[in-house]
Amino acid sequence: MIKAEKNFTMIIFGASGSLAKLKIFPSLYELISEGRMPEEFKIVGYSRTEKTDEEFRAEFAESVKHEVENVDDKVLDELVSNVFYHTGQYDNHDDYVGLCERLKEIEETEDRVRVGYFSVPPSVFDDIIKGVGETLNKEDVELRLIFEKPFGENYVTSKELKRKIFDQFERNQVFLLDHYLGKEAVFNLLSLRYANSIFSYLIQGKNIANIQITAMESVDIEGRAGYFDNVGILKDMVQSHLFQILAFLTMYIPRSFESKLVHQSKVHLLENMYFEGSPEDIVRGQYEGYRGHDGVSEDSNTETFVALKMGIDSTNWHGVPIYLRTGKSLKQKWTSVVIEFAPHQYQKKLGEGRTNKLVMILQPDESVSFHLLTKQGGRELQFDEEVTSKPIYCKGDCTSEHTRLLLECIAGDHMLFLDFPEIYEAWKIIDPIGEMFENDKVPLDMYEVGGVGPKSADELIERDGFKWHNFF
Ligand code: BG6
């Protein structure tokens, strides 16, 4: 079982925010309830709001109970007794000095790692980088930092962010988190190819008619108008999560899962990934009623749905269309990868137009299955589509994504985190699309809440003679 092998202190900047409540606190509960905590750990919330330890503990416990089913009160009490709070402004040096003093009072041993978690909007990244750089980073205790996306707003600002971070910190201290990489099912896209030669034989451009990656969400923007309306789903989901899924599926398999090799391979893939650049190859949608949310302007053109056609410029993937789509307020939560295989010559002659598919469902219930055609009994050559019945999914030591990533950070392993070169490559693809959106080169299509997105998304793929495979 993966455990935190080092004692640690986690300092959560932005401890009153929604990321902390929804993801980080429940993960810490998961760590303790599954026996993954080290001998000694401390959790310190740092935020601007004035609060006592007791008040913060009560909020912490409430969030855990809200997010986790069947919480064991005794385990939660033990967790919460290790939770503290420090009120501080993000731009006040003295508050960070105070934090360092507080840590010394709380921590029982110096033999530990401190993890600073940036659970804050990017607008305060600079202040915290400076404050932590001048204080915590000068202490003798090993310090690591976790940043969550967005990593800049475009290629240029992501480079600036990198400069600011590395002006203060060493490369090995910095962990750039995309929570999709902590999902077993996402990493499985690579590890299945690694372990099963059959996947390596099959997942090659010459065998494949098209690839479809779908990330549908039934939720709307969940009160995050301040963030979402400025960003849009292209940057929120495609630049990060969808490109990472595509990379794990199509990158060359590194000879080992050493962090450096995995990143090299991913960057190589992302360098060769492209969007052709024509407005015809992209659909921009917005769900009906989006403009009525508090904080969203009445004439907002922010997209809540995107479908696009991509390609990879390499000998292996040349000519294989890759369709991505993602949206909010759709029929249901559903993340999947469908690889549709090209029919062979005789199959076409038989008039059997259906194709084989490898279907990888990442959420809500992960599974991998093949869709095959089997002959019906009798003289006629007639086929039924059958799905292999025993799905492949995570067995054994499975954790939720933030839990896994916290453990990897404590272990000092960067393999499941991003590296700036891959973030740059992703922005290079996204930036020109963002400009097309800003200049209204792509129409904004309204779509119904609870459906599968605008009709134009179907037309995008049907133009190439394919259709979306919706296995939900
Ligand atoms: C986040 C996005 O990164 O991922 C959200 O900012 C989105 O808008 C979320 O809802 C989806 O994550 P998951 O794990 O629920 O698929």
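- Neither side chain, S200 nor S197, offers a donor N or O lying under 3.5 Å from an acceptor on the other.
- Between H402 and H179, the ring-plane angle classifies as parallel under the 30° and 60° cut-offs.
- No donor-acceptor contact under 3.5 angstrom links the side chains of N356 and E340, judged on distance only.
- For the pair R57 and F84, the cation sits on the ring face: its NZ or CZ lies under 6.0 Å from the ring centre, inside 45° of the axis.
- The existence of a salt bridge linking D431 and K235 is excluded, since no basic side-chain nitrogen approaches an acidic carboxylate oxygen closer than 4.0 Å.
- Other residues, nucleotides and ligands contribute only 12 or fewer heavy atoms inside 6.0 Å of the CG atom of D365.
- With salt bridges taken as basic N to acidic carboxylate O contacts below 4.0 Å, none links D91 and R48.
- With Y227 as the fixed residue, the side-chain contact (heavy atoms from CB on, under 4.5 Å) test singles out one of N230, D229, V231: V231.
- At a cut-off of 3.5 Å, with distance as the only test, no side-chain donor of S300 or R291 sits close to an acceptor on the other residue.
- Between the CD atom in Q173 and the CZ atom in F175 there is a gap of 9.0 Å [rounded to 0.5 Å].
- Checked for salt-bridge contact, D126 and K130 miss the test: no charged N lies under 4.0 Å from a carboxylate O.
- For H86 and Y96, the distance between ring centers is not under 6.0 angstrom.
- Checking side-chain atoms of N92 against main-chain N and O of G88 turns up no donor-acceptor pair under 3.5 Å.
- Between the side chain of T388 and the backbone N or O of S369 there is no donor-acceptor pair closer than 3.5 Å.
- A donor-acceptor contact shorter than 3.5 Å is absent between the side chain of W317 and the backbone of Q204.
- Using a cutoff of 4.0 Å between basic side-chain nitrogens and carboxylate oxygens, E67 and K23 are not scored as salt-bridged.
- One finds the CG atom of L99 at 5.5 Å from the CD1 atom of I11 (value rounded to the nearest 0.5 Å).
- K266 and Q244 share a donor-acceptor pair across their side chains, judged by distance under 3.5 Å alone.
- A15 approaches G45 most closely through the heavy-atom pair CB-CA, 3.5 Å.
- Side-chain N/O atoms of E30 and T403 include a donor and acceptor closer than 3.5 Å.
- Side-chain contact of S218 with Q332: a donor-acceptor pair under 3.5 Å is absent, judged by distance alone.
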Pair up each side-chain donor or acceptor in residues 246-260 with any protein partner under 3.5 Å, not counting sequence neighbours, and list the distances.
{"from": "T250", "atom 1": "OG1", "to": "L246", "atom 2": "O", "distance (Å)": "2.7"}
{"from": "S256", "atom 1": "OG", "to": "E258", "atom 2": "N", "distance (Å)": "3.2"}
{"from": "S259", "atom 1": "OG", "to": "H263", "atom 2": "ND1", "distance (Å)": "3.3"}
{"from": "S259", "atom 1": "OG", "to": "M415", "atom 2": "N", "distance (Å)": "3.4"}

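- Interatomic distance, I430 CD1 to Q239 CD, rounded to the nearest 0.5 Å: 6.0 Å.
- Both tests do not hold together for K21 against F25: distance to the six-membered ring centre under 6.0 Å, angle to the ring axis within 45°.
- A ring-ring contact (aromatic ring centres under 6.0 Å, His included) with F147 is found for exactly one of F417, F169, F118, namely F118.
- A donor-acceptor pair shorter than 3.5 Å cannot be found between the side chains of Y90 and D95.
- Proximity of a side-chain donor or acceptor of E217 to a complementary backbone N or O of G327 within less than 3.5 Å is not detected.
- Among the candidates R404, K3, R36, the single residue satisfying the salt bridge (charged side-chain N to carboxylate O under 4.0 Å, His left out) test with D397 is R36.
- A donor-acceptor contact closer than 3.5 angstrom is absent between the side chains of K428 and Y424.
- The side-chain contact (heavy atoms from CB on, under 4.5 Å) test with F41 is passed by exactly one of L31, I32, T9, N7: I32.
- A distance of 11.0 Å separates OH of Y323 from CG of L308, quoted to the nearest 0.5 Å.
- By the 4.0 Å N-to-carboxylate-O rule, R114 lies close enough to E139 to be salt-bridged with it.
- Geometric assessment of R284 against the ring of F305 yields a negative cation-pi assignment under the 6.0 Å and 45° thresholds.
- H371 and F471 have tilted rings, their planes meeting at an angle from 30° to 60° on a 0 to 90° scale.
- Between R112 and E142 no salt bridge is recorded (no basic side-chain N to carboxylate O distance below 4.0 Å).
- Judged by distance alone, the side chain of D419 and the main-chain N or O of E422 form no donor-acceptor pair under 3.5 Å.
- Looking only at atom types and distance, the side chain of D220 has no donor-acceptor partner in the side chain of S329 under 3.5 Å away.
- Between Y85 and F60, a ring centre-to-centre spacing not shorter than 6.0 Å is recorded.
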Salt bridge (Lys or Arg N to Asp or Glu O under 4.0 Å) for D236 and K149? Distances and angles first, verdict last. CA-CA 8 Å; D236 184 45; K149 74 170 189 58; 3.1 Å; yes
